Visitor: 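A single structure is presented below for examination.
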Amino acid sequence: MTDTPRPTIRDVARRAEVSIGTVSAVINNSGRPVAARTRERVLQAIADLGFEPSNAARSLKSRRISSIGFIVPDLGNAFFADVAEGIQLVLDQADFLLVLCLTWSDTAREEHYAQVLRTQRLDGVIYLSGTGRPSPSLQALASRGAMVFVDECLPGIEAPFISAQNRQGAAAVTRHVLACGHRKLLWLGGPPGLWTSEQRLAGYHDACREQGLNPAQLPVMDGDYTEQSGKRAAQQILAQPRDQWPTAVLCANDLMAIGLIRHCQQQGVAVPEELSVTGFDDIPAAARISPPLTTVRQPGHEMGAAAAHLLLHRLGYLAAAPAREAFPATVKVRGSVGEIEPGSGSRG
């Protein structure tokens, strides 16, 4: 009994009723224009036949390794590390190299890496901004159709986007805090201009309005998504007269919440007995801190995998798009939020 011959590029061309050159252009993302409907027909033929392009053959022809760049602020934030791990898993399966570029949320570094990756002719780029600022090189990358945003998107740049439902998640955790009786709230936000910062603040405002609270009358502090900025926020809060403290601080990410909790505890302020705190991301440290942090989980690993899957699909290496491009953000209730006795203004 002989093995069934593997389908060839010629078989794909015949089934899609296009030339071999068109199939090659789709597979290699060569820059040759291919109409969207024709591209979809080729990708469908690839899926129907189970055709697998040879990465080795592509690399020999172009004298380079197939590679994807990932521009990310840092990996000290465990959520970003989760996203990178998800990307790596998919690229490993597709035999692609991951080129990691850490920007430390610096605009000049973001522009530098975008320019380098564009001129080095990588197959594509996955981009997670730490600044929220577009650049000419990013615009050029997007115009090639070889870029995907993950977690953050940038104004004025058209590119596919893998995200979590940030606004809904922030609204849900705010509802939990309000249900515990809190009305003296403070929002500690992320860097101004970032999509996630704006979405999470909007969700917080949504839930406050539902309870008849005027968001314009509730204090807001800007943070930078680092543990140090959580510490600075705690210092500002504790420097006020005690009767002016909020009863709950809702933080736009876990690192800030953890920094805030640790400084409060160092100053002898008990959480949640004297101050309730929430976060966002559900990094591993959120469950390990004492008290464990009530937060919003967004699935970084799954988001990274979906971003890599989507980019490879757009480049013609995978026939099917990822099943999901917007992931749920769900509340994880733990021990960092206490209850307020109704009408008393004090804790139960």
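Computed from a predicted model, the values in this text were never measured in an experiment. For the numbers below, each heavy atom of this structure counts, side chains included, while hydrogens, waters and symmetry mates do not.
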Visitor: To the closest 0.5 Å, what do you measure between SG (Cys101) and CG (Leu117)?
Guide: 4.5 Å
Visitor: For Ser197 and Pro191, indicate whether the former's side chain and the latter's backbone hold a donor-acceptor pair under 3.5 Å.
Guide: yes
Visitor: Scan for ring-ring contact (aromatic ring centres under 6.0 Å, His included) pairs involving residues 236-292, sequence neighbours excluded, and state none if there are none.
Guide: none
Visitor: Could you walk me through whether Leu89 and His301 pass the side chain to side chain contact (heavy atoms under 4.5 Å, CB included) check?
Guide: CA-CA 9 Å; Leu89 179 63; His301 192 278; 3.8 Å; yes
Visitor: With a 4.5 Å cut-off on side-chain heavy-atom distances among I, L, V, M, F, W and Y, is there a chain of contacts connecting Leu128 to Leu75?
Guide: yes
Visitor: Does Pro73 offer a backbone N or O that forms a donor-acceptor pair with the side chain of Ser105 under 3.5 Å?
Guide: no
Visitor: For a 4.5 angstrom cut-off between non-hydrogen side-chain atoms, does Arg262 reach Glu227?
Guide: yes
Visitor: What's the separation between atom CG in Leu185 and atom CZ in Arg183, rounded to the nearest 0.5 Å?
Guide: 7.5 Å
Visitor: If hydrophobic clusters are built from ILVMFWY residues whose side chains come within less than 4.5 Å, do Leu49 and Val26 share one?
Guide: yes
Visitor: Looking only at heavy atoms, what is the nearest atom pair of Thr294 and Val173, with distance?
Guide: CG2-CG2, 4.3 Å
Visitor: Should the heavy atoms of other residues, nucleotides or ligands under 6.0 Å from CD of Gln228 be counted, would the total exceed 12?
Guide: yes
Visitor: Do Glu110 and Thr131 have side-chain atoms, one donor and one acceptor, less than 3.5 Å apart?
Guide: yes
Visitor: In Å and rounded to the nearest 0.5 Å, what is the CG to OG1 distance from Leu250 to Thr295?
Guide: 10.5 Å
Visitor: Would Val83 and Ile126 count as a side chain to side chain contact (heavy atoms under 4.5 Å, CB included) here? Give the steps.
Guide: CA-CA 10 Å; Val83 173; Ile126 298 171; 5.9 Å; no
Visitor: Can you name the nearest heavy-atom pair linking Glu111 to Ser137, along with the distance?
Guide: OE2-OG, 2.9 Å
Visitor: What I want to check is whether the side chains of Tyr225 and Thr196 have a donor and an acceptor closer together than 3.5 Å.
Guide: yes
Visitor: State, with a plain yes or no, whether a side-chain heavy atom of Val34 is found less than 4.5 Å away from one of Val42.
Guide: no
Visitor: To the nearest 0.5 Å, what is the distance between OG on Ser276 and CG on Leu186?
Guide: 13.0 Å
Visitor: Go through the steps to decide whether His182 and Val337 satisfy the test side chain to side chain contact (heavy atoms under 4.5 Å, CB included), and finish with yes or no.
Guide: CA-CA 10 Å; His182 295 272; Val337 177; 4.1 Å; yes
Visitor: For Met256 versus Thr226, what's the shortest heavy-atom pair and its separation?
Guide: CG-O, 3.3 Å
Visitor: Please check: side-chain N/O of Arg200 versus main-chain N/O of Asn166, any donor-acceptor pairing under 3.5 Å?
Guide: no
Visitor: Please tell me if the side chains of Thr278 and His176 come closer than 4.5 Å, counting only heavy atoms from C-beta onward.
Guide: no
Visitor: Applying ring-ring contact (aromatic ring centres under 6.0 Å, His included), can you list everything that pairs with Phe161, at least two apart in sequence or on another chain?
Guide: Trp195
Visitor: A side-chain contact here means heavy atoms from C-beta on lying under 4.5 Å apart; do Leu102 and Tyr113 qualify?
Guide: no
Visitor: Flag the pair Arg334 / Asp282 as yes when at least one side-chain heavy-atom distance between them is below 4.5 Å, and no otherwise.
Guide: yes
Visitor: Using the side chain to side chain contact (heavy atoms under 4.5 Å, CB included) rule, take Thr174 and Gln211 through it: C-alpha gap first, then chi angles, then the decisive distance, then the call.
Guide: CA-CA 10 Å; Thr174 304; Gln211 293 298 315; over 6 Å; no
Visitor: Could you tell me if the side chain of Leu312 sits less than 4.5 Å from the side chain of Leu91, heavy atoms only?
Guide: yes
Visitor: With side chain to side chain contact (heavy atoms under 4.5 Å, CB included) as the test, pick out the partner of Leu255 among Asp224, Leu260, Asn77.
Guide: Asn77
Visitor: Identify the heavy atoms of Ile157 and Pro134 that sit nearest to each other, and give their distance.
Guide: CD1-CB, 3.6 Å
Visitor: Same cluster or not: Tyr317 versus Leu98, using hydrophobic residues (I, L, V, M, F, W, Y) connected whenever any side-chain heavy atoms lie under 4.5 Å apart?
Guide: yes
Visitor: Sequence neighbours left out, what pairs pass ring-ring contact (aromatic ring centres under 6.0 Å, His included) with at least one residue falling in residues 200-219?
Guide: Trp187-Tyr204
Visitor: Is there a side-chain contact between Ile289 and Asp254 in this structure, where contact means two heavy atoms from C-beta onward sitting under 4.5 Å apart?
Guide: no
Visitor: Could you state the interatomic distance from CZ (Arg232) to CG (Asp222), rounded to the nearest 0.5 Å?
Guide: 11.0 Å
Visitor: Against Gln298, only a single residue in Asp281, Asp82, Thr330 fulfils side-chain hydrogen bond (donor to acceptor under 3.5 Å, both in side chains); can you say which?
Guide: Asp281
Visitor: I'd like to know whether CD of Gln235 has more than 12 heavy-atom contacts from other residues, nucleotides or ligands below 6.0 angstrom.
Guide: yes
Visitor: On a heavy-atom basis, which atom in Gly338 and which in Cys180 lie closest, and how many Å separate them?
Guide: O-CB, 3.6 Å
Visitor: Which pair of heavy atoms, one from Gly76 and one from Asp74, lies closest together, and at what distance?
Guide: N-OD1, 2.8 Å
Visitor: Is there a path of hydrophobic side-chain contacts, each under 4.5 Å between heavy atoms of I/L/V/M/F/W/Y residues, joining Val116 to Val125?
Guide: no
Visitor: For residues Pro291 and Gln265, determine if any side-chain heavy atom of one lies less than 4.5 Å from a side-chain heavy atom of the other.
Guide: yes
Visitor: Calculate, to the nearest 0.5 Å, the distance between atoms CD and CG belonging to Gln267 and Leu238 respectively.
Guide: 6.5 Å
